[in-house]
K.L.:
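Before I ask anything, let me first share the structure, which is written out below as structure tokens.
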Amino acid sequence: MKKHVVLYKKLSAPLMARLHEAAQVTLIENLGPTGLAQLRDALPSAHGLLGASLRLDANLLDLAPQLEAVASVSVGVDNYDIDYLTQRGILLSNTPDVLTETTADTGFALILATARRVVELANMVRAGNWNQNIGPLHFGSDVHGKTLGIIGMGRIGEALAQRGHFGFGMPVIYHSHSPKPAVDQRFDAQYRSLPDLLQQADFVCLTLPLTAETQGLIGAKEFALMGPETIFINISRGKVVDEAALVEALQQRTIRAAGLDVFEREPLNHDSPLLRLSNVVATPHIGSATHETREAMAKCAVDNLLAALAGERPKNLVNTSAWKR
Ligand code: NAP
């Protein structure tokens, strides 16, 4: 008998066809109240789950006694109770690599947009307020040649360093758990302690995962170490940052600007003070959101799920200790 797969993310027709061939499929089109009720109904018979942006905790997982595998359509796995999945022997997979370059592109889009005030000034033109040649009041700051500070020198961090070093002639400094000689050599980069990086970088970019260790990593103390010209970019996860402290730093202009793709709560509340600040560029979590990359991520997740359900080790297994075969 075919195994039962529950999708809480719609896939392209070719990927749906592949899944239908291999499994009995339940598709939950959206995760509103009706969708969540459908999910709860489907979980008792589910062998596999595939989707993203849903907190899968022990309460939900307990509704799925037959669950063998969860395929996340994301590289970040902060939405999953990994310890509980591992304890239950459920294989969790993610989609690294295929989204690295696109997410780094998003990071650079935010770097350029904040430094050159692209959104603010484009809105001025659109509003019909470009009435004379612009002057210093509307000038931005250079990107090329400025110091790029990367916190979390992993796949996306490296892709950002590549753009900064080779494309914009930026000196690269970074902070990770430990120095990375190959990165130092490739990008002429230098490892820094977190306080040193915050003091020395013109652009402070977050590219690390949300974990118990990184939650709230950047707060008032860290913003105080940045200078009035520092531009802060977050393409990792909102909860790595104390958002109230960020708002304070932006309002007081103790930092120059922020480019933010991720937020403490998503979707971002319409009343957020961040949206009243002209020195903020906010995007709706679009790090990997291109047609090509989202399709590649979905294919990767389907490959991982079907491998796991066939008793094979998925290529992108996250909780490796759950693999006992
Ligand atoms: P990765 O290759 O695992 O890199 C993460 C890096 O963060 C690692 O190199 C690690 O350093 C570093 N790190 C972890 N904890 C740290 C800590 N406490 N202090 C300093 N450095 C720490 O992951 P990735 O593929 O680059 O993805 C990174 C994250 O980006 C994901 O987890 C996800 O949350 C986020 N993301 C967001 C979007 C978006 O749409 N905005 C898209 C894709 C990914 P070591 O190597 O030294 O351990």
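In each ligand, atom 1 is the first atom listed, and ligand 1 is the first ligand listed. These values consider heavy atoms only, across backbone and side chains, with no hydrogens, waters or symmetry-generated copies.
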K.L.:
Short N or O contacts of ligand 1 with protein, under 3.5 Å, listed by atom name?
P.N.:
residue, atom, partner, partner atom, Å
ligand 1, 2 (O), Arg155, N, 2.9
ligand 1, 2 (O), Arg155, NE, 3.2
ligand 1, 2 (O), Arg155, NH2, 3.4
ligand 1, 9 (O), Met153, O, 3.2
ligand 1, 9 (O), Gly154, N, 3.2
ligand 1, 11 (O), Ser176, OG, 3.3
ligand 1, 18 (N), Glu213, OE1, 3.4
ligand 1, 18 (N), Glu213, OE2, 3.3
ligand 1, 25 (O), Arg155, NE, 2.9
ligand 1, 25 (O), Arg155, NH2, 3.3
ligand 1, 26 (O), Arg155, N, 3.3
ligand 1, 26 (O), Ile156, N, 2.9
ligand 1, 34 (O), Arg237, NH1, 3.4
ligand 1, 40 (O), His285, NE2, 3.1
ligand 1, 40 (O), Gly287, N, 3.3
ligand 1, 41 (N), Ile235, O, 3.1
ligand 1, 41 (N), Asp261, OD2, 2.9
ligand 1, 46 (O), Lys180, NZ, 2.7
ligand 1, 47 (O), His177, N, 2.9
ligand 1, 47 (O), Lys180, NZ, 3.2
ligand 1, 48 (O), His177, ND1, 2.7

K.L.:
Partners of Pro195 by side-chain contact (heavy atoms from CB on, under 4.5 Å), sequence neighbours excluded?
P.N.:
Ser193, Leu225
K.L.:
Taking only residues two or more places apart in sequence, or in another chain, which ones meet Lys180 in a side-chain hydrogen bond (donor to acceptor under 3.5 Å, both in side chains)?
P.N.:
none
K.L.:
Given a cutoff of under 4.5 Å between side-chain heavy atoms of I, L, V, M, F, W and Y, with clusters grown through shared members, what are the other residues clustered with Leu61?
P.N.:
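Cluster partners of Leu61: Val6, Tyr8, Ile28, Leu31, Leu36, Leu39, Leu43, Leu49, Leu54, Leu56, Leu60, Leu63, Leu67, Val70, Val77, Tyr80, Ile82, Tyr84, Leu85, Ile90, Leu92, Val318.
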K.L.:
What heavy-atom pair brings Ala245 and Gly219 nearest, and what distance separates the two atoms?
P.N.:
CB-C, 3.9 Å
K.L.:
Go through the side-chain N and O atoms of Ser72 and Asn94 and say whether any donor and acceptor fall under 3.5 Å apart.
P.N.:
no
K.L.:
Decide, yes or no, whether a salt bridge links Glu266 with Lys239 under the criterion of side-chain N to carboxylate O below 4.0 Å.
P.N.:
no
